[in-house]
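Structure, as structure tokens:
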Amino acid sequence: QPSPCTINKLLLTPKQSIQHRKGDDGDFRQLKANSVLTCHHWGWICWSYSSRLGGRVVLIEENQIGGDCTWSGCVPSKALVAAAKAAHTCRTAAVFGVKATVSDGGARSSDPDATTLNVKCDMQRVHDHVKAKVAQIAATETQEVLEAKGINVLMGRARFISRHDLIVTAQDGSMHEIHAERIVVATGAKPRVPSFVKLPRHELLTYENVFDLTQLPHHLVVIGGGPIGCELAQCFRRFGSNVTVVSHRLLGTHDKDAQAALGQVFETEGIQHIAAHVQSVNKVHDQTYSVLTSTNIELECDKVLVAVGRIPNTHGLGLTDCGISLDKDGGVIVSDTLHTDSKHVFGAGDCTSSPQFTHLAGYQGFMAVRNALLPFAEAARKPVIPRCIFTDPEVASIGLSEDEFIAQHGSKGDVMVWKADKMDRLMIESEEHGFIKLMYTKRDAQLRGAVVVMSRAGELINELSVIMANSIPLTQVARGIHAYPSYGFALQQMCSEVAVEGLFAGLTGKLVAWFKRV
């Protein structure tokens, strides 16, 4: 019997026929297809697009339709962030002159600081809230929904036996042999767990199981200061846990000003950050763990969250046996058109060596299907990718970093930074750590990179993405009226400043200078 791999989704876009055959290695159903796609969360874009191109689709799923993003990534984490923000809003209501009235043993208090002392988080109800939101979104991509759209769904596990053939072991034990002319691999990623973590997997928290907690940790140690680590650290601190983040720096390689801003917020909220690496994680006794840092600080805690990145989910897929190359982390190596070593096999999303963003995976999934099924393949690797970390404030960026921008453009470029004290909406909301940073070339007013730190940074970065993707000069952005006092109004103000500077640096500036002399 074939040894099946662990993958999350397969999508078939076949002109297919199904036959049965009996062999020495089992009872098989044969499927012949003109295209096969092995996909993760963004599989729905693949099958939707494939269907519109005239193909029939079969979806093969091992666990849950929807993948990481729906079940253990974007959706539950943002539901948790929303719950944590509600707790924080209650605690800080006094800043806005809102008094909390609480009841304690019959006594009532209208102390404006009462919110700080009396906000309690019921983790069981927080858990239920998160799961309800996951279920609400997952309901749009169930097996029944897909089958109603003409998608054949097969729950099972699969592996490649050639560049054109797959073996799938269904959950009912039946075996399926699939032949396809083209294959797209997009199997997602899974948490990276370093070798120094000496804990049973079921006692370790990662993004895959942290949303199953129904009791609040007393002391949570977060290993890793990237997007996942920072978002979850802030959430649990706002729920009431003591939280320690151990990482060389917060936000990894992100903008230094953004790192400093989030560090100040974490300090204000009582999140301890130890700038070090972790040397070991061990169990001391029941429900107590020891985390030893490279600075010889030993932390005792009741929960350890490992958030040090993700690795491509390609193990056991059989790709190398088919001559398809993987990188050192197991990622599928693809060209600009998302081809692998084989002209018949494509890769897309988190299982490749591309940056791991859901929105990029969706774009690549679309382009992989386009290049698999249509002639004249188009490049699908875009250098302009918006990024957003959903802490509070949110931290968003796009394009070049400040160091990269200065190295590439030097004196031909300019860096404009507006802090909170220049932006009315941020002052209204008491967002003292926010800022917008624009990096642009002076000659053509083209935006080359940007960083936004504010509570609506993820929304504003979308406008900046459109600006960069369409090469719209900032001077033209200034002509578009933005609503006041929205968060985006400051962007128009900054672009207007760029326009005025450009105006006076040119012929108009020389004429004004001449009139002054006259």
| Can you name the nearest heavy-atom pair linking G488 to L460, along with the distance? | CA-CD1, 3.8 Å
| query | Shortest non-hydrogen contact from E394 to A457? | reply | OE1-N, 3.3 Å
| said: Less than 4.5 Å apart, side chain to side chain, heavy atoms only: is that true for T142 and E147? | reply: no
| said: Atom CZ of residue position R443 - does it have more than 12 heavy atoms of other residues, nucleotides or ligands inside 6.0 Å? | reply: no
| request: If the plane angle is over 60° it's perpendicular, under 30° parallel, otherwise tilted; pick one for H164 and H344. | output: tilted
| H273: what forms a ring-ring contact (aromatic ring centres under 6.0 Å, His included) with it, not counting sequence neighbours? | none
| query | Can you list the residues that meet the ring-ring contact (aromatic ring centres under 6.0 Å, His included) rule with H339, with sequence neighbours excluded? | reply | F346
| query | Going by heavy atoms in the side chains, are E141 and T70 under 4.5 Å from each other? | reply | yes
| query | Looking at residues at least two apart in the chain, or sitting in another chain, which of them share a salt bridge (charged side-chain N to carboxylate O under 4.0 Å, His left out) with K442? | reply | none
| field | Side-chain touch D255/S397, heavy atoms, less than 4.5 angstrom | value | no
| field | Stepwise side-chain contact (heavy atoms from CB on, under 4.5 Å) test for T352 and V185 | value | CA-CA 9 Å; T352 70; V185 181; over 6 Å; no
| task | Examine the side chains of Q364 and S354 and answer whether a donor and an acceptor come within less than 3.5 Å of each other. | result | yes
| field | Least distance between heavy atoms, I228 atom then A307 atom | value | CG2-CB, 4.0 Å
| request: Count the heavy atoms belonging to other residues, nucleotides or ligands that lie under 6.0 Å from CZ of R479, then report whether that count exceeds 12. | output: no
| message | If I compare all heavy atoms of V453 with all of A258, which pair ends up nearest, and what's the gap? | response | CG2-CB, 3.9 Å
| query | Does the side chain of N462 pick up a donor-acceptor pair with the side chain of S465 at under 3.5 Å? | reply | no
| message | Please enumerate all residues that pass salt bridge (charged side-chain N to carboxylate O under 4.0 Å, His left out) together with K256, with sequence neighbours excluded. | response | none
| request: Please examine the side chains of T475 and C495, heavy atoms only from C-beta on, and report whether any two atoms are closer than 4.5 Å. | output: no
| Trace of the side-chain contact (heavy atoms from CB on, under 4.5 Å) decision for L438 with L491 | CA-CA 9 Å; L438 302 180; L491 176 60; 4.0 Å; yes
| query | S294 and A276: which non-hydrogen atoms are nearest, and at how many Å? | reply | OG-CB, 3.4 Å
| said: Quick one, T340 and I333 - any side-chain contact, counting heavy atoms below 4.5 Å? | reply: no
| request: Output the distance between atom NE2 (H409) and atom OH (Y440), rounded to the nearest 0.5 Å. | output: 13.0 Å
| said: With a 4.5 Å cut-off on side-chain heavy atoms, are V197 and V306 touching? | reply: yes
| field | Gap between atom CG of D165 and atom CD1 of I178 - 0.5 Å precision | value | 9.5 Å
| task | Let me see the working for V451 and D257 under side-chain contact (heavy atoms from CB on, under 4.5 Å), right down to the final yes or no. | result | CA-CA 9 Å; V451 181; D257 292 333; over 6 Å; no
| request: Please round to the nearest 0.5 Å and tell me the distance separating atom CD1 of I461 and atom CE of M468. | output: 9.0 Å
| So, K190 and E208, do they make that salt bridge, N to O below 4.0 Å? | no
| Which is it for S455 and E431 under the side chain to side chain donor-acceptor pair (under 3.5 Å) test, yes or no, and what are the steps along the way? | CA-CA 8 Å; S455 63; E431 294 187 31; 2.6 Å; yes
| said: When you measure from the side chain of D327 to the backbone of G331, do you find a donor-acceptor pair of N or O atoms at a distance under 3.5 Å? | reply: yes
| field | Spacing of I436 atom CD1 and Y487 atom OH [to the nearest 0.5 Å] | value | 11.0 Å
| task | For residues V265 and D392, determine if any side-chain heavy atom of one lies less than 4.5 Å from a side-chain heavy atom of the other. | result | no
| Charged N-O contact under 4.0 Å between D321 and R159 | no
| query | Can you check whether I65's main-chain N or O pairs, donor with acceptor, with W71's side chain at less than 3.5 Å? | reply | yes
| NZ (K419) with more than 12 external heavy atoms under 6.0 Å | no
| note | Residues passing the ring-ring contact (aromatic ring centres under 6.0 Å, His included) test with H129, sequence neighbours excluded, are none
| With distance as the sole test, does N209 use its side chain to make a donor-acceptor pair with the main-chain N or O of L204 at under 3.5 Å? | yes
| task | Taking all non-hydrogen atoms of both residues into account, name the closest pair between L426 and G434 and its distance. | result | CD2-CA, 3.6 Å
| task | Give the intermediate values and the outcome of side-chain contact (heavy atoms from CB on, under 4.5 Å) for residues L80 and L232. | result | CA-CA 8 Å; L80 197 75; L232 293 176; 3.7 Å; yes
| said: Donor-acceptor pair, distance only, cut-off 3.5 Å: does the side chain of Q259 make one with the backbone of G252? | reply: yes
| message | Looking at Q446 and T441, would you say the former's side chain and the latter's main chain have a donor-acceptor pair under 3.5 Å? | response | no
| query | Does any N or O in the side chain of R310 come within less than 3.5 Å of the main-chain N or O of P191, such that one atom is a donor and the other an acceptor? | reply | no
| task | Rounded to the nearest 0.5 Å, what's the gap from CZ on R387 to NE2 on H359? Could you check? | result | 8.5 Å
| field | Distance in Å, L251 CG paired with T391 OG1, rounded so as to fall on 0.5 Å steps | value | 6.5 Å
Using residues 399-408 as the side-chain source, report each donor-acceptor pair under 3.5 Å to any protein atom, sequence neighbours left out, with the distance given to one decimal.
from, atom 1, to, atom 2, distance (Å)
S401, OG, E404, N, 3.2
S401, OG, E404, OE1, 3.3
E402, OE1, K437, NZ, 2.6
E404, OE1, S401, N, 2.9

| message | Contact between L262 and C230 at the side-chain level, heavy atoms closer than 4.5 Å - yes or no? | response | yes
| Flag for S325-D341: side-chain donor and acceptor within less than 3.5 Å | yes
| task | For D336 and A380, indicate whether the former's side chain and the latter's backbone hold a donor-acceptor pair under 3.5 Å. | result | no
| Under 3.5 Å: donor-acceptor pair, side chain of S77, backbone of G73 | yes
| field | Distance-only donor-acceptor check, side chains R425 and S486, under 3.5 Å | value | no
| request: Go through the side-chain N and O atoms of S335 and T337 and say whether any donor and acceptor fall under 3.5 Å apart. | output: yes
